[in-house]
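Working notes for the structure below.
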Amino acid sequence: QVQLVESGGGLVQPGGSLRLSCAASGRTFSIENHAMGWFRQAPGKEREFVASITNYGGMSYYSDSVKGRFTIYRDNAKNMVSLQMKSLRPDDTAVYYCNADRRPASLMQIVPIEYDSWGQGTQVTVSS
């Protein structure tokens, strides 16, 4: 089973930037065999897709609300995936989570599934 540890969240003013990181580990787990994605859950709302990236980083996908502002990266050698967030807005406030998926990265966006487990997430608060 994979363990996911998200970090890098915090309090930032509107228009600011943050970079989130996700470290994945497991006895036989390698992110190289998985598409990776970021999701977020705002208070009182369901968890939603934010971004995903193919196994070797050739393609990435974004929700309409973050397209052009967020960029997803991955480092397979370190078993890590990152999310660079710019031009942050108050409606980006949420707990951010990462996850791994054996399906294509495009399906992480268009065909939501129930993942076996989630990390603890990292809180991002955008406020003046």
Side-chain angles (χ1 to χ4, degrees):
Q1 186 173 351
V2 59
Q3 287 81 47
L4 302 162
V5 180
E6 300 91 348
S7 62
L11 173 63
V12 62
Q13 292 187 340
S17 300
L18 277 176
R19 187 178 179 105
L20 307 183
S21 295
C22 169
S25 63
R27 196 164 65 88
T28 60
F29 179 80
S30 171
I31 68 167
E32 189 172 296
N33 300 322
H34 298 78
M36 297 296 295
W38 283 94
F39 301 80
R40 67 185 182 186
Q41 187 167 21
K45 295 187 177 181
E46 292 189 354
R47 188 150 31 203
E48 64 176 2
F49 171 87
V50 175
S52 62
I53 188 166
T54 52
N55 295 37
Y56 295 98
M59 290 286 292
S60 54
Y61 304 87
Y62 300 92
S63 67
D64 287 343
S65 61
V66 308
K67 197 173 297 182
R69 300 186 299 122
F70 291 12
T71 306
I72 187 170
Y73 299 95
R74 64 188 294 152
D75 185 335
N76 287 353
K78 296 181 179 179
N79 253 12
M80 293 190 69
V81 61
S82 301
L83 186 68
Q84 178 68 50
M85 307 187 295
K86 298 180 180 180
S87 302
L88 284 161
R89 310 185 306 219
D91 60 359
D92 293 317
T93 295
V95 179
Y96 284 71
Y97 304 86
C98 67
N99 222 314
D101 201 321
R102 287 192 175 273
R103 302 176 303 157
S106 57
L107 290 185
M108 296 182 77
Q109 178 178 21
I110 63 177
V111 185
I113 62 171
E114 291 294 326
Y115 292 96
D116 291 338
S117 64
W118 293 91
Q120 85 289 347
T122 186
Q123 175 72 49
V124 172
T125 303
V126 185
S127 175
S128 55

For the residue pair T54 and P104, establish whether any side-chain heavy-atom pair is separated by less than 4.5 Å. no
Identify the heavy atoms of S21 and S82 that sit nearest to each other, and give their distance. OG-OG, 3.9 Å
Nearest 0.5 angstrom please: H34 NE2 to S52 OG, how far? 14.0 Å
Evaluate the criterion ring-ring contact (aromatic ring centres under 6.0 Å, His included) for residue pair F39 and Y115; output intermediate values, then yes/no. CA-CA 12 Å; F39 301 80; Y115 292 96; 5.6 Å; yes
Side-chain contact, heavy-atom cut-off 4.5 Å: Y56 with N76? yes
Quick check for you: to the nearest 0.5 Å, what is the distance between N79 atom CG and C22 atom SG? 9.5 Å
Can you name the closest pair of heavy atoms from D101 and I113 and give their distance? OD2-CD1, 3.7 Å
In Å, rounded to the nearest 0.5 Å, how long is the span from CD1 of I72 to CZ of R74? 8.0 Å
To the nearest 0.5 Å, tell me how far S7 OG sits from Y96 OH. 14.5 Å
Look up atom CD in Q123 and atom CD in Q41, then write down how far apart they are to the nearest 0.5 Å. 10.5 Å
V95-V66 co-clustered via ILVMFWY side chain contacts under 4.5 Å: no
Would you mind reporting whether M85 and R69 have side-chain heavy atoms less than 4.5 Å apart? no
Would you kindly confirm whether V126 and Y97 end up in one hydrophobic cluster when ILVMFWY residues are joined by side chain heavy atoms under 4.5 Å apart? no
Derivation and outcome, side chain to side chain donor-acceptor pair (under 3.5 Å), residues R40 and S63: CA-CA 11 Å; R40 67 185 182 186; S63 67; 5.3 Å; no
What is the minimum heavy-atom distance between P14 and S127, and which atoms define it? CD-C, 3.6 Å
At their closest point, which heavy atom of V81 faces which heavy atom of W38, and how far apart are they? O-CZ2, 3.7 Å
Would you indicate whether the side-chain heavy atoms of V5 and Q120 approach each other to under 4.5 Å? yes
Would you say that more than 12 heavy atoms from the other residues, nucleotides or ligands in this model lie under 6.0 Å from the CG of D91, or not? yes
Ignoring hydrogens and geometry, is there a side-chain-to-backbone donor-acceptor pair from R19 to G8 under 3.5 Å? no
Close side-chain approach of Y62 and Q109, heavy atoms under 4.5 Å: no
Full working for side-chain contact (heavy atoms from CB on, under 4.5 Å) between N55 and E32: CA-CA 6 Å; N55 295 37; E32 189 172 296; 5.9 Å; no
Work out which heavy atom in G121 is nearest to a heavy atom in E6; give both atom names and the distance. N-OE1, 2.9 Å
What distance separates T28 OG1 from Q1 CD, expressed to the nearest 0.5 Å? 11.0 Å
Shortest non-hydrogen contact from G9 to V124? CA-CG2, 4.1 Å
Would a single hydrophobic cluster contain both F49 and I53, if residues Ile, Leu, Val, Met, Phe, Trp and Tyr are joined by side-chain heavy-atom contacts under 4.5 Å? no
Within one Ile-Leu-Val-Met-Phe-Trp-Tyr cluster: L4 and V50, side-chain cutoff 4.5 Å: yes
If we check side chain to side chain contact (heavy atoms under 4.5 Å, CB included) with V12, which of these qualifies: L18, T93, T125? L18
